[in-house]
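Position 1 is the first residue of the sequence, and the numbers go up from there.
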Amino acid sequence: MFKTITGPQGGRVVLDGREVINMASNNYLGLANHPEVVKAAQEALAEYGLGAGAARGIIGNFKVHDELEAELAKFKGTEASCVFNSGYTANVGTIPVLAGKGDDIFSDELNHGSIIDGIRLSHASVHVYPHNDMEKLEQDLAASEADNKLVITDGVFSMDGEIAKVPEIVEIAEKYGAKVMVDDAHGDGVLGDHGRGTIDHFGLQGRIYVETGSLSKGFGSSGGFAAGPADLMEKVMTKARSFILSATPIQPVLAAGALKALQMLGESDELVKKLWHNRDYFFNRASELGFDLGKTETPVIPVLVGGEETAQELSDRLFEKGVFAQAIKFPLVARGNARLRVMISADHEEKDLDIVLDALEEAGRELNLI
């Protein structure tokens, strides 16, 4: 059912027994196999062992957890943070702490499924506005009579690579007394100064109530987090069920890897710069070839083809040519909106991107896409 990778993530991987150029990974900065990150994880493995052994509220709280949360808060410019074992559990745990029955949540229609699940678990009333439709968001907020109103959006939409209209969302939310939550899973390590994310990119520090994110993408490890006011993070740590009831918190070895990645980003933005060089190089050439790349503004680049069979055929033909890019189909995207999702990484070299673009051009012409 799934293709199997042998060896580490990187710009090139061995997949189903053959080496291919990897255009499907969320490993934006190439940190998943960076020697310094791997060394930090190895040292933590020797110091702490493999597993945490219990929920953090019992005896599973390690020094490296505290260090990681302090570094995350510093990196994101918030008072505190709370680390979960995945980005999914960060959202499904945090949202029910922020809102409940009798409250109103306003959610972009293209928000990630973990946000949708978190809203369902909150039992708050949900108002889904059309993607990036600020007029409808304002209409819905103006009509709300709830005392507690919460607007939730992805920072970067994971299937389209489009950045949310966060400045407009904040202005509208403040006008109607609503709080704002941003899930920046695909913005962290990508946007902003030294990869600090979408909020930093727009200069909106202090105007977002809470951010959630992932440690498994730009930071090259595994896990998720929430970041915000200290009193809120304390509340999350004592009330978020996906945090307090999990006997498998982020394992110390993974926390150490994420901590090292954050420290490296704080010291240097060279990987972020290389990521954007690669992104622009690929985007410009693919656009010149005539592919429909949608509204992407980030290293998430959709090659829109429409039909699901066409998307899969394009992916299969590229694999035959030594390139792996995943076909994205319903239910991950709406019917008729299938695409190849191309993920750019700092781990790619221009010569590899040239090979990908040549293969994409050849396959695109074979399928009459360009």
Side-chain angles (χ1 to χ4, degrees), residues 76-82 84 87-157 162-185 187 197-199 201-213 224-243:
K76 300 299 289 182
T78 61
E79 290 181 350
S81 75
C82 173
F84 290 76
Y88 180 88
T89 56
N91 277 337
V92 299
T94 300
I95 293 172
V97 175
L98 301 175
K101 190 173 182 180
D103 300 331
D104 280 350
I105 294 179
F106 305 84
S107 176
D108 190 290
E109 68 174 336
L110 295 188
N111 277 342
H112 192 266
S114 60
I115 294 175
I116 295 169
D117 288 353
I119 292 172
R120 288 171 176 163
L121 290 170
S122 76
H123 301 294
S125 297
V126 59
H127 306 267
V128 178
Y129 59 91
H131 177 54
N132 269 341
D133 188 335
M134 297 297 98
E135 183 177 349
K136 185 62 166 66
L137 173 60
E138 181 160 12
Q139 289 174 357
D140 289 346
L141 275 168
S144 173
E145 297 181 355
D147 291 331
N148 184 29
K149 297 182 278 286
L150 176 67
V151 182
I152 307 179
T153 184
D154 277 341
V156 175
F157 293 93
E162 188 178 4
I163 304 172
K165 297 179 179 180
V166 184
E168 294 176 52
I169 291 171
V170 169
E171 290 288 341
I172 295 169
E174 290 176 345
K175 181 178 178 180
Y176 295 98
K179 297 182 178 73
V180 177
M181 170 182 160
V182 175
D183 176 355
D184 214 18
T198 303
I199 308 310
H201 171 72
F202 286 119
L204 292 169
Q205 297 91 334
R207 297 176 70 184
I208 304 299
Y209 187 52
V210 62
E211 291 184 61
T212 56
F225 67 91
D231 59 346
L232 175 61
M233 292 301 100
E234 183 177 352
K235 190 176 180 181
V236 168
M237 286 183 174
T238 56
K239 293 186 179 296
R241 292 172 67 82
S242 61
F243 181 86

Could you tell me whether the side chain of V210 reaches within less than 4.5 Å of the side chain of M233, counting heavy atoms only? yes

Here the pair of heavy atoms bringing G93 nearest to A240 is O-CB, 3.4 Å

Got a salt bridge between K136 and D140, using NZ or NE/NH1/NH2 to carboxylate O under 4.0 Å? yes

Would a 4.5 Å heavy-atom cut-off, applied to side chains only, mark I115 and D154 as touching? yes

Any S144 side-chain heavy atom under 4.5 Å of Y176 side chain: no

Taking atom CD as the centre, does E234 end up with more than 12 heavy-atom neighbours from other residues, nucleotides or ligands that are less than 6.0 angstrom away? no

Does the plane of the ring in H131 sit parallel, tilted or perpendicular to the ring in F157? Use 30° and 60° as the thresholds. perpendicular

Nearest 0.5 Å please: distance from the NZ atom of K101 over to the OG atom of S122. 12.0 Å

Please check: side-chain N/O of D117 versus main-chain N/O of S114, any donor-acceptor pairing under 3.5 Å? no

So which atom in G224 and which in A90 form the shortest heavy-atom distance, rounded to 0.1 Å? C-CB, 4.3 Å

Without swapping roles, check the side chain of D183 against the backbone of A185 for a donor-acceptor pair under 3.5 Å. yes

If only side-chain N and O atoms count, and only distance matters, is there a donor-acceptor pair under 3.5 Å linking N91 with T212? yes

Heavy atoms of K76 and D184 approach each other most closely as NZ-OD2, 3.9 Å

Heavy-atom nearest pair, I172 first then M134, reads CD1-O, 3.6 Å

Minimum heavy-atom separation for A99 and A124, please, with both atom names. CB-CB, 4.2 Å

Short side-chain to backbone donor-acceptor contact, D108 and N132, under 3.5 Å: yes

Sidechain N-carboxylate O distance under 4.0 Å for E171, K165: no

If you define the side chain from C-beta out and look only at heavy atoms, does anything of I95 sit under 4.5 Å from I105? yes

Hey, does D103 have a side-chain heavy atom less than 4.5 Å from the side chain of L150? no

Value for OG (S81) from CE (M237), rounded to nearest 0.5 Å, stands at 6.5 Å

Answer whether the closest heavy-atom distance between the side chains of V151 and L141 falls below 4.5 Å. yes

Decide whether E135 and Y129 meet the rule of one side-chain donor and one side-chain acceptor closer than 3.5 Å. no

Can you tell me how far the NE2 atom of H201 sits from the CD1 atom of I163, to the nearest 0.5 Å? 4.5 Å

Measure the shortest side-chain to side-chain distance between K179 and L98 over non-hydrogen atoms and say whether it is less than 4.5 angstrom. no

Any heavy-atom pair between the side chains of V236 and F84 that's under 4.5 Å? yes

Point-to-point distance, once rounded to the nearest 0.5 Å, from CG of L204 to CD of E211: 10.0 Å

How far does CD of E138 sit from CD of E168, to the nearest 0.5 angstrom? 10.5 Å

CD1 of I152 to NE2 of H112, rounded to nearest 0.5 Å, is 13.5 Å

Evaluate whether atom CG of D147 has more than 12 neighbouring non-hydrogen atoms of other residues, nucleotides or ligands under 6.0 angstrom away. no

